[in-house]
Amino acid sequence: MHGYDPKEIEEKWQDHWQKSGIYEAKDFSDLPKYYLLIEFPYPSGDGLHVGHIRSYTAMDIISRKRRMEGFNVLYPIGWDAFGLPTENYALKTGKDPKVVTKENTDTFRRQIRSLGLSFDWSREINTTDPKYYKWTQWIFLKFLEKGLAYKAKIPINWCPKCKIGLANEEVVDGNCERCGAPVEQKEKEQWMLAITKYAERLDKDLDEVDYPDRVKIQQRNWIGRSEGVLIKFDDIEIFTTRPDTILGATFIVVAGKEDKFTGRFVTNPATKEKIPVWEAEYVMSDYGTGAIMGVPADDERDMEFAKKYKLPIVEDYQKAGFEDFGKKVTKYRLRDWVFSRQRYWGEPIPVIHCSKCGVAPVPEKDLPVELPKVEKYQPREDGESPLANIDEWVNVTCPKCGGKAKRETDVMPNWAGSSWYFLAYLFNKEGFASSASIENWKLQIENFRHFMPVDWYNGGMEHTVLHLLYSRFWNKFLYDLKLVPTSEPYKKRTSHGLILAENGEKMSKSKGNVVNPDTIVKQFGADTLRLYEMFMGPFEQAIAWSEDALVGPRRFLERVWRLKTKVAKGQTLDTDSQGLTLMHQTIKKVSDDIESMKFNTAVSSLMIYVNTLDKKNKISQEEFKTLILLLAPFAPHITEELWLLLGRKDSIHIQNWPTYDSKKLIKDEIILAVQINGKVKANVLVSRDQSEEEIKTMALALPEVNKWLKGKKPERVIVVPRKIISIVT
RNA sequence: GCCGGGAUGGCGGAAUUGGUAGACGCACACGACUCAAAAUCGUGCGGAGUAAUCCAUGAGAGUUCAAUUCUCUCUCCCGGCACCA
């Protein structure tokens, strides 16, 4: 007999699965569908992170269980490949980002394949593929058509040294991330998307979806719904959530750059008194009406301001009725989405500027507006995109009047492609490649109806506000155009915890503490790596990597491998009642734990099962078959090989998921603990059909119990069936 | 400051609606096998104590026959938002 060697079996099965196509979802199927989604990776030059594997394996386990339960499972993958690291790398090396992206996705694809994940590779997408961003641009044109995309002059983060606009993420403590120079605010015309028009629904519809509470709370905080009233103090309108405090309002503050008295007075409509109007820094110009009423007695900041400038303070005043003054409004903290970047590596915004016609959308038939080749990825002195240097690309004729016109040179932010990718997976190949038009989109609607919404979306907490909110917004917009079947894209959202370095720090290239999955696969095998990542700790919690702990799962798999020699050949060996109970308990435990993402305890229950089987001389086919079926989603290669060795011809991954018999879950005899005054003093073996009275008598007859009672009569005896016996003296 | 989540052996962690705290794994120790080592198997492994027994789930109180679990107060750690009226 040869020992367990993952090298001999893992690649073999990966190739086999790829050829047989057992993980491909069917576009038209009578089976119920199940759509599982992971956040598609940004293919960075660092290669796959062990953190990616945690999420992908978890969802792979659920995908595999669903397949075995008879669903038409869709578990797709692709590349969210536009972004700054690639552009910065291109800037440094002069390499074409397209080439860099190709290299990186090749590495990622190879690494992901080496893990035996059951992705449907036939639906692989890449946001930087012109066939893909053609549709991203098309959706943008729909926003433009409906008046939800507009241009506005807004302040942006500007690095005067690099002469470049920075995303908020690139500003570290007010300084440029790259050169360290202090960042300035500069007014610039930017494309905006009117996400605030959807604020109410984005807030309210959270009630309908199954997201963790902390995710809902974070989204709601970000949207920042607040109900209040607008009240006019003469010509100054203020916003407040506490109109009942109006009798205590002794001044008005409007947003300003410094604290100063304006010299004006207005009338408090409730008290009819003249109160001063001040300007102050602490009032925000872009929230509410940019003006507030100062009620020192009810607001700490107003009190501080009043004390500082010796403004009147009224401590005792009557509360007014909520609706006595002003008109009710709902305000949101959410801002419209700045959708322009003065960069190269993004989707060109498909509009043309004509001096006569103004902004003209690029006609559908001319999509995609492809990124031209450029010599230098360096942004220009004036902060415009490197695209602005390509005259032959910029200078075009106006699609409306045919006169001379110029292309928009801004590109979209990296959130654009990921705002609709869950739909891109559903396109059939021809539809995806065909011209971007409403007719071709509508040809996909049957697929959308079959697969949407996403049944289960797992991702990181870092995407809770932006990506999750943006993609919900795009989906709702498309829903309003009757282009998708559901108002919410994701039915259920869960999130995984980070994997940290051994010392508890974040893994990073600069710290040199990154774990390379290739090394682990080589040394331990993909099945061990998968099992380890599931076993290491609670899925939703951050956890430190431990090289030492990997041997545990590896030893477990070796034990499973050796167990096959104990399987009784030929006739079926009967399983004793203890063994039968454990088998059914294990089926229940593993099944339940997968659903609640308690993968660590699912693995430990499999370990208990294996340890028990290993103590026997012979085990039945049934026991072994159940074991490898339950293990198959976690360790797909070794179980496929063992399935073959059992003499089965078809894949283990398309077999039926084991079911348990609830009648077999309970043992005939169990040991109950006996407590005296809250402390365990003895144990008693009882059978399942004994009455409470019988159990009580047995417990009181125990020598250990009599020793403690010393002949006294107990005050109370509590029998909790199947749990405990508690004696109180 | 506000919101959310945590704290259990040497380590990662487990513990149903409150019911034998420490499952499972790592590390460690001893034993078996071996000329030896590795691998494997077996035993032990929260603390104190010869033992009976006592003490232990961040700290302190409370409810209960019984609290890691429920309530209150406090300390520390992590994540998010940050003058939002």
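Values below: all heavy atoms of this structure, side chains included; hydrogens, waters and symmetry mates excluded. By convention in this document, chain letters (A, B, ...) are assigned in the order of the sequence lines, proteins followed by strands, and residues within each chain are numbered from 1.
- Under the Watson-Crick and G-U wobble criteria, each requiring two contacts below 3.5 Å, nucleotide B:A7 is paired to B:U75.
- Classified by interplanar angle (parallel below 30°, tilted 30° to 60°, perpendicular above 60°), the ring pair A:Phe251/A:Phe305 is tilted.
- Rounded to whole angstrom, the span from the CH2 atom of A:Trp222 across to the P atom of B:C81 amounts to 6 Å.
- Separating the CE atom of A:Met303 from the P atom of B:G1 is a distance of 20 Å, rounded to the nearest angstrom.
- When the side-chain nitrogen and oxygen atoms of A:Thr464 are compared with OP1 and OP2 of B:G80, none of them lie within a distance under 4.0 Å.
- For B:G62, the glycosidic angle deviates from 0 by more than 90°, giving an anti base.
- When both pairing distances are held under 3.5 Å, B:U20 makes no Watson-Crick or G-U pair with any nucleotide shown.
- Counting heavy atoms from C-beta on, the side chains of A:Leu557 and A:Leu531 come closer than 4.5 Å.
- Spacing between B:G19 and B:U68 at atom P, rounded to whole Å, works out to 10 Å.
- Look at OH on A:Tyr211: it is 19 Å from P on B:G5, rounded to the nearest Å.
- If you measure from atom CG of A:Leu685 to atom C1' of B:U20, you get 15 Å, rounded to the nearest angstrom.
- Using a 4.0 Å heavy-atom cutoff across all strands shown, A:Lys331 reaches no nucleic acid atom at all.
- Sequence order on RNA chain B of the closest nucleotides to A:Ile724 and A:Lys589 puts A:Lys589 first from the 5' end.
- No hydrogens or angles were tested; on distance alone, nothing pairs the side chain of A:Lys681 with the base of B:U20 as donor and acceptor under 3.5 Å.
- A cation-pi geometry, defined here as NZ or CZ lying under 6.0 Å from the six-membered ring centre and within 45° of its normal, holds between A:Arg493 and A:Tyr457.
- Proximity of a side-chain donor or acceptor of A:Asp302 to a complementary backbone N or O of A:Ala297 within less than 3.5 Å is not detected.
- The partner of B:C2 is B:G80, by the rule that a Watson-Crick or G-U pair needs both atom distances under 3.5 Å.
- On the C1' atoms, B:A56 is 10 Å away from B:G9, given to the nearest whole Å.
- Across all strands shown, B:C54 forms a Watson-Crick or G-U wobble pair, both distances under 3.5 Å, with B:G47.
- Considering only side-chain atoms of A:Met284, the nucleotide from B:C65, B:C83, B:U40 that sits closest is B:C83.
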Restricting to nitrogen or oxygen on both sides, can you table the protein-nucleotides 22-29 of chain B pairs closer than 3.5 Å?
unit_1: B:G25; atom_1: OP1; unit_2: A:Asn611; atom_2: ND2; d: 3.1
unit_1: B:C26; atom_1: OP1; unit_2: A:Arg555; atom_2: NH1; d: 2.5
unit_1: B:A27; atom_1: OP2; unit_2: A:Arg555; atom_2: NH1; d: 3.4

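- Among the nucleotides B:A85, B:C81, B:C41, the one closest to any side-chain atom of A:Ile292 is B:A85.
- Here B:G42 sits opposite B:C30 as a Watson-Crick or G-U wobble pair (both hydrogen-bonding atom distances under 3.5 Å).
- For B:A85, the OP1/OP2 oxygens have no side-chain nitrogen or oxygen of A:Tyr282 closer than 4.0 Å.
- Listed candidates were B:U17, B:C83, B:G4. Nearest to the side chain of A:Arg214 is B:G4.
- Scanning for side chain to side chain donor-acceptor pair (under 3.5 Å) contacts around A:Gln675 gives an empty result, with sequence neighbours left out.
- Residue contacts shown for A:Arg333 include a base, since a base heavy atom lies under 4.0 Å away.
- The side chain of A:Asp299 approaches B:A85 more closely than any other nucleotide in the set B:A85, B:C3, B:C65.
- Cation-pi contact between A:Lys331 and A:Phe239: present, with separation from the ring centre below 6.0 Å and deviation from the ring axis of at most 45°.
- Across B:A85, B:U40, B:C65, the shortest atom-to-atom separation from the side chain of A:Val728 is found for B:C65.
- Residues A:Met192 and A:Ile154 meet the side-chain proximity criterion, which asks for heavy atoms closer than 4.5 Å.
- Take the nearest nucleotide of RNA chain B for A:Ile543 and for A:Thr289: the residue whose nucleotide is more 5' is A:Ile543.
- The side chain of A:Thr240 lies closest to B:A85 when the candidates are B:C41, B:A85, B:A66.
- Put simply, A:Arg716 has a side-chain N or O that comes within less than 4.0 Å of OP1 or OP2 on B:C65.
- Contact of A:Gln541 with B:G6 (side chain to base): no donor-acceptor pair of N or O atoms is detected under 3.5 Å.
- Under the 6.0 Å cut-off for aromatic ring centres, A:Trp545 and A:Tyr532 qualify, their centroids lying closer than that.
- Separating the CZ atom of A:Phe539 from the P atom of B:G12 is a distance of 20 Å, rounded to the nearest angstrom.
- B:C55 and B:G4 are spaced 35 Å apart, taking the C1' atom of each and rounding to whole Å.
- In this structure, CG of A:Asn677 is placed 15 Å from P of B:U53, rounded to the nearest angstrom.
- B:A21 sits 39 Å from B:C33 when the P atoms are compared, rounded to a whole Å.
- Here B:C2 presents its C1' atom at 18 Å from CZ of A:Arg220, a figure rounded to the nearest Å.
- Straight-line distance between the C1' atoms of B:A48 and B:G42: roughly 29 Å, to the nearest whole Å.
- One interatomic measurement links the two molecules: CD1 of A:Ile223 to P of B:G80, which rounds to 18 Å at whole-angstrom precision.
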